[in-house]
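Here is the structure we will look at.
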Amino acid sequence: MQKRRVIGIDPGLAHTGFGVIDATGNNIRLVSYGVIETSPDEEHGTRLLAIYNRLLAVLQEFRPVQAAMEELYFARNVTSALSVSEAKGVVTMCLAQHAIPLNMYRPNQIKHAVTGTKTADKKTVEQYVKILLNLETEPKPDHAADALAAAITHVFSTAGLDYII
């Protein structure tokens, strides 16, 4: 089986999480994870540009061939939802410019793929990401854990699995 590198992304204006994994069939291995942070003191457009430039550096360093991201579903705070949508647009454009196919997953799909249940809370998802990637501790911050969960979901769904547990 051929190895493929997948990047998961959890977009946000202040914090955009990323997680890179290698997959061979349904076997997965952590490559890297982290968070792209921007400051509210910066001009809005500058923050979006920073997300683009830092994500570009991640793509150039790790060379993923596929990407996964959680669909934006509901937000109580409209201003926050708009900022997340803008960050998501920047991420989508960056991936498209580098011909990296992006797959979107609903939040309950990600929870189900990683934990076996659609109603898992954030802490449970983090614990299962730790187990699935054979890590000593849960990946932090939660934006990075969410990005890794999206990447794991993509690997499992393209391997024809609902979940691995």
### Gln2 atom CD: more than 12 heavy-atom contacts under 6.0 Å
no
### Task
Ignoring hydrogens and angles, state whether a donor on the side chain of Arg4 or Thr158 is under 3.5 Å from an acceptor on the partner side chain.
yes
### Message
Is there a path of hydrophobic side-chain contacts, each under 4.5 Å between heavy atoms of I/L/V/M/F/W/Y residues, joining Val31 to Leu56?
### Response
yes
### Query
What pair of heavy atoms forms the shortest contact from Ala150 to Ala68, and how long is it?
O-CB, 3.3 Å
### Message
When you measure from the side chain of Arg29 to the backbone of Ala23, do you find a donor-acceptor pair of N or O atoms at a distance under 3.5 Å?
### Response
no
### Task
Under the side-chain hydrogen bond (donor to acceptor under 3.5 Å, both in side chains) rule, collect the residues that match up with Lys140, sequence neighbours excluded.
Glu126
### Query
Once you round to the nearest 0.5 Å, how far does NZ of Lys118 lie from CD1 of Ile110?
13.0 Å
### Message
When you compare the side chain of Val114 with that of Thr153, does any pair of heavy atoms fall below 4.5 Å?
### Response
yes
### Message
Taking the side chain as everything from C-beta on, heavy atoms only, tell me whether Leu13 gets closer than 4.5 Å to Ile51.
### Response
yes
### Message
Taking Val20 as the starting point, is it possible to reach Leu148 by hopping between hydrophobic residues whose side chains are less than 4.5 Å apart?
### Response
no
### Query
How many angstroms lie between CG in Leu55 and CD in Gln60, if you round to the nearest 0.5 Å?
10.0 Å
### Query
Just wondering, do Ile7 and Phe18 contact through their side chains at under 4.5 Å, heavy atoms?
yes
#### Entry: Where Ala151 and Gly19 come nearest, the two heavy atoms and their spacing
CB-O, 4.1 Å
### Task
Report the distance from atom CG of Leu49 to atom CD of Glu42, rounding to the nearest 0.5 Å.
10.0 Å
### Task
Would you check if Ile28 and Asp22 make a side-chain contact, meaning some heavy-atom pair closer than 4.5 Å?
no
#### Entry: Ala145 to Pro139 - nearest heavy-atom pair and separation
CB-O, 3.6 Å
### Task
Flag the pair His15 / Pro141 as yes when at least one side-chain heavy-atom distance between them is below 4.5 Å, and no otherwise.
no
### Task
Please answer: with hydrophobic residues joined when any side-chain heavy atoms are less than 4.5 Å apart, are Ile9 and Leu132 in the same cluster?
no
### Message
Contact between Leu135 and Leu30 at the side-chain level, heavy atoms closer than 4.5 Å - yes or no?
### Response
yes
### Query
Should Met69 and Val6 be regarded as members of a common hydrophobic cluster, given that ILVMFWY residues are connected when their side-chain heavy atoms come within less than 4.5 Å of each other, either directly or indirectly?
no
### Task
Run through His112, Lys111, His154 and flag the one making a side chain to side chain donor-acceptor pair (under 3.5 Å) with Tyr105.
His154
### Task
Measure the shortest side-chain to side-chain distance between Glu138 and Val129 over non-hydrogen atoms and say whether it is less than 4.5 angstrom.
no
Indicate every side-chain donor-acceptor pair of residues 87-104 with a distance under 3.5 Å to a residue at least two apart or in another chain.
unit_1 : atom_1 : unit_2 : atom_2 : d
Thr92  : OG1    : Lys88  : O      : 2.8
Gln97  : OE1    : Tyr52  : OH     : 2.5
His98  : ND1    : Cys94  : O      : 2.8
Asn103 : ND2    : Ala67  : O      : 3.4

### Message
Once rounded to the nearest 0.5 Å, what's the spacing between atom CD1 of Ile36 and atom CZ of Arg54?
### Response
7.5 Å
### Message
Is a donor from one side chain sitting under 3.5 angstrom from an acceptor on the other, for Thr115 and Thr117?
### Response
no
### Task
Would you check if Glu86 and His44 make a side-chain contact, meaning some heavy-atom pair closer than 4.5 Å?
yes
### Message
Please check: side-chain N/O of Thr16 versus main-chain N/O of Gly12, any donor-acceptor pairing under 3.5 Å?
### Response
yes
### Message
If I take atom CD from residue Glu70 and atom CG from residue Asp146, how far apart are they, to the nearest 0.5 angstrom?
### Response
6.5 Å
### Task
Establish, from distance only, whether the side-chain atoms of Thr24 and Asn27 form a donor-acceptor pair under 3.5 Å.
no
### Task
Could you tell me the separation between the CD atom of Glu71 and the CD atom of Gln109, rounded to the nearest 0.5 Å?
6.5 Å
